[in-house]
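Data first, discussion second: the structure below is written as structure tokens.
Atom set for the values below is all heavy atoms of this structure, side chains included, hydrogens, waters and symmetry mates excluded.
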Amino acid sequence: MGEMESMGMTDNQYKDFVENFKEDLEELNEYKEANDEEGYKKKYNRIMERLEKSLKR
């Protein structure tokens, strides 16, 4: 667990982060399967923005 502690996350926070990311990817896949290019692009951009913010902290 030393890796997570160095990121400032508890085990539960890390699990929540991973679960939320998984849900985002599932939603992104739903847009792709439905051929909803607009929804896909919006969701993809939101995911990337959130990841960029996380990396800058």
dist K22:NZ -> E26:CD (nearest 0.5 Å) comes out at 4.5 Å

Are M9 and V18 in one and the same hydrophobic cluster, where Ile, Leu, Val, Met, Phe, Trp and Tyr link if side-chain heavy atoms are under 4.5 Å apart?
yes

Is there a side-chain contact between N35 and Y40, using heavy atoms and a 4.5 Å cut-off?
no

Separation between CD1 of I47 and CZ of F21, rounded to the nearest 0.5 Å
6.0 Å

When rounded to the nearest 0.5 Å, the distance separating NZ of K43 from CG of L25 is 9.0 Å

Say you draw a straight line from CG of D24 to CZ of R50; how long is it, rounded to the nearest 0.5 Å?
4.0 Å

Check whether M48 and Y31 end up in the same hydrophobic cluster, where Ile, Leu, Val, Met, Phe, Trp and Tyr are linked by side-chain heavy atoms less than 4.5 Å apart.
yes

Please give me the minimum heavy-atom distance between L28 and Y44, naming the atom from each residue.
CD1-N, 3.6 Å

Using only heavy-atom distances, determine whether the side chains of N45 and E49 contain a donor-acceptor pair under 3.5 Å.
no

Spacing of CZ belonging to R46 relative to CD belonging to E27, to within rounding of 0.5 Å:
6.5 Å

